K.L.:
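Here you go, one structure.
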4 protein chains.
Amino acid sequence: MSVNKVILVGNLGKDPELRYTPSGAAVATFSLATSERYKDREGQQQEKTEWHNIVAWRQLAEICGKYLHKGKQVYIEGKIQTRSYDDKDGNKRYITEIVADQMQMLGGRGDEGGGQREGGYAPRGGNRQESRPAQQAQRSTPATPAYEDFADPPFNPDDDIPF
Amino acid sequence: MSVNKVILVGNLGKDPELRYTPSGAAVATFSLATSERYKDREGQQQEKTEWHNIVAWRQLAEICGKYLHKGKQVYIEGKIQTRSYDDKDGNKRYITEIVADQMQMLGGRGDEGGGQREGGYAPRGGNRQESRPAQQAQRSTPATPAYEDFADPPFNPDDDIPF
Amino acid sequence: MSVNKVILVGNLGKDPELRYTPSGAAVATFSLATSERYKDREGQQQEKTEWHNIVAWRQLAEICGKYLHKGKQVYIEGKIQTRSYDDKDGNKRYITEIVADQMQMLGGRGDEGGGQREGGYAPRGGNRQESRPAQQAQRSTPATPAYEDFADPPFNPDDDIPF
Amino acid sequence: MSVNKVILVGNLGKDPELRYTPSGAAVATFSLATSERYKDREGQQQEKTEWHNIVAWRQLAEICGKYLHKGKQVYIEGKIQTRSYDDKDGNKRYITEIVADQMQMLGGRGDEGGGQREGGYAPRGGNRQESRPAQQAQRSTPATPAYEDFADPPFNPDDDIPF
DNA sequence: TTTT
DNA sequence: TTTT
């Protein structure tokens with residue numbers, strides 16, 4: 001019953017740090033700058049930069065560690081998460097991070113890209129029919145497209161297409 | 001290198017239609033209304049309604065078919081897709097649809113809910129260590145949280161947590 | 001060259017607090033809960049709640065103060081912002097907030113609503129021609145719609161429509 | 001009570017077309033490509049391109065007409081809108097467009113940028129107090145930041161700041 | 001019609 | 001700490 005979604009386009013302040021948990025899961029962290037321009041009361045153009053702590057896990061972490069670098073412009077989609085930890089004086093501290101579930105490299109040539117999703121999903125589908133029913137080819141074309149016309153299951157257009 | 005994302009909150013115009021492809025994949029379709037209020041030049045409050053064609057596949061289709069109904073308020077996240085088809089006169093026609101990959105029921109109690117994603121993802125992880133290393137419990141609390149402090153891999157907080 | 005966008009659907013943890021700056025600007029603050037369900041390693045359904053600090057300014061603050069209350073479900077669109085302040089021991093602390101620029105009440109009847117934007121924008125347009133050229137009514141209908149067919153300038157459909 | 005939001009990152013297929021309505025409002029139109037990669041059933045990498053019809057009005061239209069060009073990578077935020085028109089045979093046709101309300105140029109150097117919003121908003125604020133109350137400078141630093149600590153009204157940090 |  |  002709720003939505004927690006963040007969309008950022010910004011530049012990395014440093015190269016990502018890639019680490020591994022004891023059980024072997026990759027985790028990449030980096031900071032991302034977004035900036036906003038505004039005019040102050042003297043009418044001067046000013047700029048204000050916001051720094052975001054980005055965390056990526058598993059396959060997406062590996063890709064971030066491999067392809068991102070300081071200054072790179074990226075699109076990040078994820079969720080907001082606040083963790084608590086105890087600082088050196090034993091006080092509870094909070095840190096807010098963006099847990100990425102999608103990353104897109106933007107802009108530069110020399111930047112090989114492709115959208116990347118978190119998680120390394122298993123392939124869909126499986127035992128699908130190779131043969132297409134003959135009558136499908138003969139179906140008439142009604143004014144309203146029937147369900148057979150849905151040409152595109154998400155993420156795997158070749159899978160399970162009914163015509 | 002691109003992003004195609006739609007976020008809608010609106011109400012169903014009718015009950016969803018749930019169908020199956022020849023190979024057995026579920027597909028649900030429904031129309032969703034969003035409305036915008038504005039003042040016309042006479043200063044009268046006006047309302048303009050936009051109708052969106054929503055398509056959901058597989059597990060998400062099943063959930064839509066089972067739980068959604070006319071009038072229900074939902075959050076939809078997905079992508080824009082334009083399909084072509086031939087109308088009864090043989091002319092090429094285009095229809096733009098929103099292929100949903102997330103749906104959230106909103107509003108009413110009596111609406112059991114929970115976020116729903118397209119696809120029925122397999123569980124992550126697998127062979128994870130059950131035992132937690134003893135030294136983890138003794139670690140000091142540095143000013144900067146270490147990677148062991150990342151408490152929350154996305155979607156499966158219990159999996160692969162390093163402390 | 002950057003984007004900083006947050007979209008939340010959640011419920012208020014308390015009634016909003018509405019205050020005014022010395023110069024008279026309204027500011028509303030409230031916390032918003034979003035929750036995520038997941039299965040732990042014992043296969044038990046678990047829920048994790050994230051609390052977001054929301055800040056709204058000016059007209060949007062007034063609306064939040066007037067219409068929102070504890071438990072209300074809302075859609076919030078805004079940006080992430082981290083402020084620093086000095087705590088009682090003189091240490092620099094950081095707090096991350098969502099500065100709202102749109103709010104939508106969701107769900108309940110008895111909730112009069114309508115999308116609300118930050119800022120109290122001035123009306124658009126101004127000296128527009130009341131008379132519509134006669135030939136507009138006679139224009140033919142080409143296969144490709146001309147610019148005159150754009151029926152809908154955003155947010156104010158009656159303003160500046162060319163036909 | 002509804003949300004209709006689109007976020008796109010893609011490349012222009014052609015230079016934008018900039019036109020003016022009879023009453024003088026600028027309107028820019030262009031098509032934007034987003035592409036998705038997927039593996040077909042032979043395991044071959046495939047690409048599917050989606051073309052979006054973008055419409056921008058007024059000040060944003062002028063900026064698009066001036067700075068965008070074929071191939072340029074942009075971020076677009078807007079809403080989905082379907083218009084109807086009559087084709088040359090007198091049949092009602094529908095076209096779905098994205099009415100942009102924000103545009104960001106991405107990527108290229110040689111691309112002067114800055115976020116652009118639809119509408120040419122009037123400046124906020126106005127007669128604000130120049131002098132800051134003396135006691136503000138002396139306030140103590142409580143554990144919980146008070147409202148006076150809100151350092152940043154959106155879009156105009158210098159306006160109406162209470163300390 | 002773009003881009004990788 | 002980035003970028004324009």
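Here is the naming used below: chain letters follow the sequence lines, and residue numbers restart at 1 for every chain. Remember, predicted model here, so these are calculated numbers, not experimental data.
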K.L.:
To the nearest Å, give me how far apart CE (D/Met105) and P (E/dT2) are.
P.N.:
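After rounding, the reported distance stands at 21 Å.
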K.L.:
Give the rounded distance in Å between these two atoms: CD of A/Gln46 and C1' of F/dT3.
P.N.:
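Rounded to the whole Å, the gap is 17 Å.
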K.L.:
Can you tell me which nucleotide in F/dT2, E/dT2, F/dT1 comes closest to the side chain of A/Ala33?
P.N.:
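Per side-chain heavy atoms of A/Ala33, the pick is F/dT2.
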K.L.:
Looking at B/Lys5 and A/Glu77, is any side-chain nitrogen of the basic one under 4.0 Å from a carboxylate oxygen of the acidic one?
P.N.:
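B/Lys5 and A/Glu77: salt-bridged.
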K.L.:
Expressed in angstrom and rounded to an integer, what is the separation of A/Leu68 atom CG from F/dT1 atom C1'?
P.N.:
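Checked: the CG to C1' distance equals 15 Å.
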K.L.:
Among F/dT3, F/dT1, F/dT4, find the nucleotide with the atom closest to the side chain of A/Ser35.
P.N.:
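Given the options F/dT3, F/dT1, F/dT4, the side chain of A/Ser35 is closest to F/dT3.
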K.L.:
Rounded to whole Å, how long is the line connecting atom CZ of A/Phe30 with atom P of F/dT3?
P.N.:
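Rounded to whole Å, this separation is 15 Å.
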K.L.:
Taking all non-hydrogen atoms of both residues into account, name the closest pair between A/Gly65 and A/Leu18 and its distance.
P.N.:
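Minimum heavy-atom contact is CA-CD2, 4.4 Å.
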K.L.:
Verify, without hydrogens or angle tests, whether A/Asp89 (side chain) and A/Asn91 (backbone) share a donor-acceptor contact under 3.5 angstrom.
P.N.:
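Judged by distance alone, no pair lies under 3.5 Å.
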K.L.:
Mind checking D/Lys70 for me? I need base, sugar-phosphate or nothing, with any heavy atom below 4.0 Å counting as a touch.
P.N.:
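Touches sugar-phosphate only.
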K.L.:
Under 4.0 Å between a side-chain nitrogen and a carboxylate oxygen: does that hold for C/Lys79 and A/Glu36?
P.N.:
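So C/Lys79 pairs with A/Glu36 through a salt bridge.
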K.L.:
Can you identify which nucleotide, out of F/dT2, E/dT1, F/dT1, has its nearest atom closest to the A/Lys14 side chain?
P.N.:
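Between F/dT2, E/dT1, F/dT1, the one nearest the side chain of A/Lys14 would be F/dT1.
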K.L.:
For the CD1 atom of C/Ile80 and the CD atom of C/Glu97, what is their distance to the nearest 0.5 Å?
P.N.:
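Rounded to the nearest 0.5 Å, the CD1-CD separation comes out at 12.0 Å.
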K.L.:
Rounded to whole Å, how long is the line connecting atom CG of A/Asn11 with atom C1' of F/dT4?
P.N.:
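Rounded to the whole Å, the gap is 9 Å.
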K.L.:
Could you check how far NZ of D/Lys72 sits from P of E/dT1, rounded to whole Å?
P.N.:
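So the two atoms are 22 Å apart, to the nearest Å.
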K.L.:
Between atom OH in A/Tyr75 and atom P in E/dT3, what is the gap in whole Å?
P.N.:
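It is 21 Å, rounded to the nearest whole Å.
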K.L.:
Tell me the interatomic distance from D/Leu106, atom CG, to E/dT4, atom P, rounded to whole angstroms.
P.N.:
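Spelled out: CG on D/Leu106 to P on E/dT4 is 13 Å.
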K.L.:
Check every strand shown and say whether D/Thr49 touches a base, only sugar-phosphate, or nothing at a heavy-atom separation below 4.0 Å.
P.N.:
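The answer is base, as D/Thr49 lies within the cut-off (heavy atoms under 4.0 Å) of a base atom.
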K.L.:
Does the F/dT1 base have a donor-acceptor partner in the side chain of A/Ser31 within less than 3.5 Å?
P.N.:
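Under the 3.5 Å cut-off, the side chain and the base do form a donor-acceptor pair.
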